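Quick caveat, the model's predicted, so the values are computed rather than measured. In each ligand, atom 1 is the first atom listed, and ligand 1 is the first ligand listed.
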Amino acid sequence: MNRGTARYPLLEIDLDKLKANLAALIERCQSLSVEVAGVVKGFSALPEAAGVYTECGVRSLASSRLSQLRALRGAGVACERVLIRIPMLSELPEVAEVADMSLQSELETLRALNAVCAKRGTRHRVILMADLGDLREGFWSREELVDAALEVEYKLDHLELAGIGTNLGCYGSVAATPEKLRELVSAAEAVERAIGRELQYISGGASTSVHMVLDGTLPARVNHLRIGEGILVAKDLQVDWGIHDMDYLRMDCMTLRAQIVEVKDKPTHPVGPIMVDCFCSRPTYEDRGIRRRAIAGIGRADVGDIMMLHPRTPGMTVVGGSSDHCILDVEDCDPCPQVGDIVDFDVIYLTMLYASAREDVAVKFVD
Ligand SMILES: *Cc1c(COP(=O)(O)O)cnc(C)c1O
C-alpha cells in the first residue's frame, strides 16, 4: 500500500532492516523457548511490514485495535491474531470475529465474551492479566485472579484459558525485573494448582522485558513476550536503559522524511505581545538573536508531538511548530537546507504510531 512515493511527509520502512531485527530477537528468544508475539500497532499493522513477521516465523500478531486485526485478515496475513487491549463490552462481537486470543482482566467481560462465542458456536483463547504494580490493566488481587481462572476453566465453555500475563513499564513506569516476573510466575503457578494443569503461556510483558532474555535472567517459566518497540525502533533499551551489546538491533528501520517549505533569517524571540500558542499553552522563548531557520511541511497532526522528531542532519534542531508546521533551527547546518530539500528524521514509538496511521503521510517500503 505505497501511498505514492513523491509525496511528503513520507514514512520510509526498510523491510530488510526490520527482518534483521526480528531474526536477531527471535533467535535469542527461541534459545530460551520464549515465543514472540509480534506487536504491530506501532506501524498500524501495515500488511507489507506485518508480512515480514510471518516470513520470519512469528506465529501470532498482536494489536490493541480490532480494525488492525481485521485489516490483517483482509490482507491475507496468515497468523494468529491477538487483541492486547482489554476489550470494551461494546466490541465483544468483533473480538470473537477477528481475534483468536485476547488479554482480559474483568470477569464481567469474560462472561459476556463467552456468551457471544456461544451464540456463534466458536471458541476464543484468553490470557488473564495480573497487575504487578504498574497499575494499568490486570487483576490486583491474587484471589480474584485465581477465581476468574477457575470460572474460565470450568464454567465458560467457549473460552480457553491460554495463560497468565502482565504488563510493566507503562502507566507506572515500573521496571520489568526478574523479581517482578517471579511474582508473575508465582501467580501463574497458583492458577495452575487451582485448575490442575499447566498453562500454555506465562506472558512476561513487552520490549522492556527483552533485556532479561539477553542477559539470561528471565525466569525459566516465562515463555511468551509481546514485542513491538524493541523490534521496530529498538531505542528504549539501547538509549533509555543504556544497555550495550545490542548493536545487532538497527535503530533506523524507519525514516520520516519531510520537505522544507521556507528558509529565512528570523528573530528567535516572538515580536509583539505574547498570549498563548495555538495549543493554548504559554511557552517561554529564549532570545538567541537572529538565526537561520526553516519550516518543514509536517506537524503535530502527523506525528503527535513535533518536539519528538529527531533530525538526522547534524546541527539541525526542532524549535517548535503547530499542527501542520515543524520549525527547525538550521543556523549551524552546513550546507544550509534550501526550500524543496528533504529532511530525514528518526522516529520514536509515538511519531511512528501517528505517522503510520495518517492518510496524509505517504508510506514507502524499501529493501
Ligand atoms: C503495546 C503493548 C505491547 C508492546 O509494547 P512494546 O513496548 O511496543 O514492546 C505489549 N503488551 C501490551 C498489553 C501492549 O499494549
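- In Asp236, neither the side chain nor the backbone holds a heavy atom less than 4.0 Å from any atom of ligand 1.
- Closest to atom 8 (O) of ligand 1 among all protein heavy atoms lies Glu229 N, 2.7 Å.
- With respect to atom 11 (N) of ligand 1, the closest heavy atom belonging to the protein is Arg226 NE, 2.9 Å.
- Contacts between Val39 and ligand 1 below 4.0 angstrom, taking non-hydrogen atoms only, involve the side chain exclusively.
- Comparing heavy-atom distances from atom 6 (P) of ligand 1 across Gly42, Ser203, Ser207, Gly138 singles out Ser207 as nearest.
- For atom 5 (O) of ligand 1, the nearest non-hydrogen atom of the protein is Ala206 CB, 3.3 Å.
- Criterion: ILVMFWY side-chain heavy atoms under 4.5 Å apart, direct or through other members. Under it, Ile86 and Val95 are not part of a common hydrophobic cluster.
- The shortest N or O to N or O distance between Gly228 and ligand 1 is under 3.5 Å.
- Counting only N and O atoms by type, the side chains of Glu12 and Thr255 include no donor and acceptor under 3.5 Å apart.
- Salt bridge Arg291/Asp265: absent, no basic N to carboxylate O contact under 4.0 Å.
- In the vicinity of Tyr349, heavy-atom distances shorter than 4.0 Å reach the ligand 1 atoms 8 (O).
- Atom numbering of ligand 1 starts at 1 in the shown order; those under 4.0 Å from a heavy atom of Glu137 are 13 (C).
- Looking only at distances, a side-chain donor or acceptor of Asp302 sits under 3.5 Å from a matching main-chain atom of Gly299.
- When only modelled atom types and interatomic distance are considered, Thr122 and His158 share no side-chain donor-acceptor pair under 3.5 Å.
- Using a 4.0 Å cut-off between charged side-chain N and carboxylate O, Glu192 and Arg197 make no salt bridge.
- Within ligand 1, the atoms closer than 4.0 Å to a non-hydrogen atom of Lys41 are 1 (C), 2 (C), 3 (C), 14 (C), 15 (O), numbered from 1 in the order shown.
- For ligand 1 and Asn167, the ligand atoms under 4.0 Å from any heavy atom of the residue are 11 (N), 12 (C), 13 (C).
- Here Arg136 has side-chain heavy atoms under 4.0 Å from ligand 1, and that is the only part of it that gets that close.
- Checking side-chain atoms of Asp100 against main-chain N and O of Arg81 turns up a donor-acceptor pair under 3.5 Å.
- For the pair Arg300 and Tyr354, the cation does not sit on the ring face, since its NZ or CZ is not both under 6.0 Å from the ring centre and inside 45° of the axis.
- For ligand 1, the atoms lying closer than 4.0 Å to a non-hydrogen atom of Leu103 are 13 (C).
- Around the OH atom of Tyr201, the shell of radius 6.0 Å holds more than 12 heavy atoms that belong to other residues, nucleotides or ligands.
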